[in-house]
Amino acid sequence: MATTKPTQPLSFLLPNNPTNPKPSSSLKQSSIISLPKLCNSMKEVQQIHTTLIKTGLIHDPSAMNAIIEFSITQDLPYAQSVFQQTTNPTTFAKNLMLRGLSQSQFPLSAFSLYVEFTIGGFQLNKFAFTALIQACSRSKAVREGEQIHAQILKCGEMDAHLASSTIQFYVGVCGGFGIVPEHAEEGFRPDERTLASVLPSVSRLGALSLGKWVHSYAENLGMEMNVFLGSALVDMYSKCGSIDSAIGVFNRIGPLKRNVVLWNAMIGGFAMHGHGRDALQLFQTMLASGIQPTDVTFVGVLRACSHAGMVDQGLSYFKAMTEGYNVEPTIEHYGCMVDLLGRAGRLEEAEKLMKSTDEGRDVVLLKTLLGACRVHGNIEIGERIGNQLIDLASDDSSCYVLLANLFASVGRWEDVNKLRNLMKKRGVRKIAGCTSIELDSVVHEFHAGDMSHPRIEEIYAKLEEIRLELKVEGYIPNTSQVLADTGEEEKEASMYRHSEKLAIAFGLINTTPGSTIRIVKNLRVCLDCHTVTKLISKLYDREIIVRDQNRFHHFKNGLCSCSDYW
DNA sequence: GTAGGGTTAG
């Protein structure tokens, strides 16, 4: 871990450094040859390399290996030249070189070295094979990978590590085809790595009870809560809507054990839940504990600012990122910034920033800006961006829907119809809205106007009850996002069959009063569902947590954590 | 002494 390395330069250990009066002979041989492991830069490695040559210690194979080991990740050409100058490279050094090339920009270059080695009569071992099969994974070289797989089987080098790299190869190049396990292995015990690998799938599903099961499984087996498992759990709990449990896992990992990935996961968790201040406070704590932020950290920080509406803070963190922390902005950072400025209604600035990058025609950035135009009813910029989008991403239905929403909000029904016809002509279909809710480990899924649920009558009865109560409260349905130019009554009726309303009604019927309702939606929440959910949270005294396409909404006491911008 | 796992805009 980079943070455990000494930060001061190591040159004071070298003999020609005047600040160090001791001659090099006072250093044990074993200590100088292990120095490259402690190095922070190639410059230090080169200094040590020079010293090794001067003192003759370079003839010790482990000294050479240490130099190669450091430089394969930092300066591959350097490692290659050192390796070529070695008269009798050890197996270890050969394996390192294979690994270095397989992790380089041109993974298949490992194969030329492999050919060289085999001509020279070198027998490959499991470490060499791992590097080669990974090279095939990275470059999607199916035939080569299959041949390496055959060789591995022939020479009997297969073990658990190599098997997992081989599986990764097949999963990556053909979706796992051809490697279906024959049976679940008897006596097989998953370890922290296994669980850390399955958790991202649980996170994507938003299946909290499944994630909780994995967590308690780990605890029951007495597994060590390391940063890998910890980060995966923090992310899982965040993405499954249980930010408190995420905090619990984070806090239980000792401050000294926390690495930047774990901090990033927790900051990102706060961000997606709209807890901007918590995210920024945690970021400051991270800095105070001496952890260097990465580009991912700033994605979390900027996302936190945008989701919590902290525009000024966001702008100053973006500045600090590039000027103070030397982190180059990526497309993800620009995405956050366009969202941040767009939320504040600073649409011209958002567009200017977008155009100033190489990513001015990126579909996601354009969609972010168009979404902001819809929220702020800016038809001038919105129409321009929208038209650009439906050419650029002509098969993406959400672009048409966003633009149609904008037209509908200003009553331009003719344009809405034109868009609908264009979609039909181009064969683009709207993605159907779908909301799921999990009760007692069973996932119930609802689509708009769904009549298939066995308890659908009760659900519609509950919705009717809600509709009447909201009417008493003076609520007027907002039909601006209904894209059919029909009568108000028809529009209202169609809105009451939206999938999120069905899921919430089902949740109200089947959970104890006062308990939290969690639902997951595949698209963005519609404007009317958002308003209705706020009112339900107050009327029924329920906390309702909604995960939509890209963030969480916490509805409580008539308010939503997104401050009505999403 | 070498290899597998975790975090990333809308």
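Letters A, B, ... are given to chains in the order of the sequence lines, protein chains preceding strands, and every chain is numbered from 1.
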Pairs satisfying salt bridge (charged side-chain N to carboxylate O under 4.0 Å, His left out), at least one member in residues 302-314 of chain A, at least two apart: none
If you look at every strand shown and take non-hydrogen atoms under 4.0 Å, does A:Lys239 touch a base, only sugar-phosphate, or nothing? sugar-phosphate
Could you check whether A:Gln549 gets within reach of a base, just the sugar-phosphate, or nothing at all, counting any heavy atom under 4.0 Å? nothing
For the residue pair A:Thr330 / A:Glu332, report whether a side-chain donor-acceptor contact shorter than 3.5 Å exists. yes
Need one value for A:Asp362: base, sugar-phosphate or nothing, where a base atom within 4.0 Å counts as base even if backbone is also close, heavy atoms only. base
Using a 4.0 Å heavy-atom cut-off, does A:Arg551 contact any base of the nucleic acid, only the sugar-phosphate backbone, or nothing at all? nothing
Does A:Phe122 have A:Lys94 sitting over its ring (NZ/CZ under 6.0 Å from centre, angle to axis within 45°)? yes
If only side-chain N and O atoms count, and only distance matters, is there a donor-acceptor pair under 3.5 Å linking A:Ser112 with A:Ser109? no
Could you pull out all residues at least two apart from A:Leu108 that satisfy side chain to side chain contact (heavy atoms under 4.5 Å, CB included)? A:Phe111, A:Ser139, A:Ala141
Contact class for A:Asn95 (heavy atom, under 4.0 Å): base, sugar-phosphate, or nothing? base
Under 4.0 Å from any heavy atom of chain A: name the first and the last nucleotide of DNA chain B that qualifies, 5' to 3'. B:dG1 to B:dG10
In the structure I gave you, are the side-chain heavy atoms of A:His161 and A:Phe129 within less than 4.5 Å of one another anywhere? no
Contact class for A:His333 vs. all strands (heavy atom < 4.0 Å): base, sugar-phosphate, or nothing? nothing
Counting the atoms with a prime plus P, OP1 and OP2 as sugar-phosphate, which does A:Leu302 contact under 4.0 Å by heavy atoms, base, sugar-phosphate, or nothing? nothing
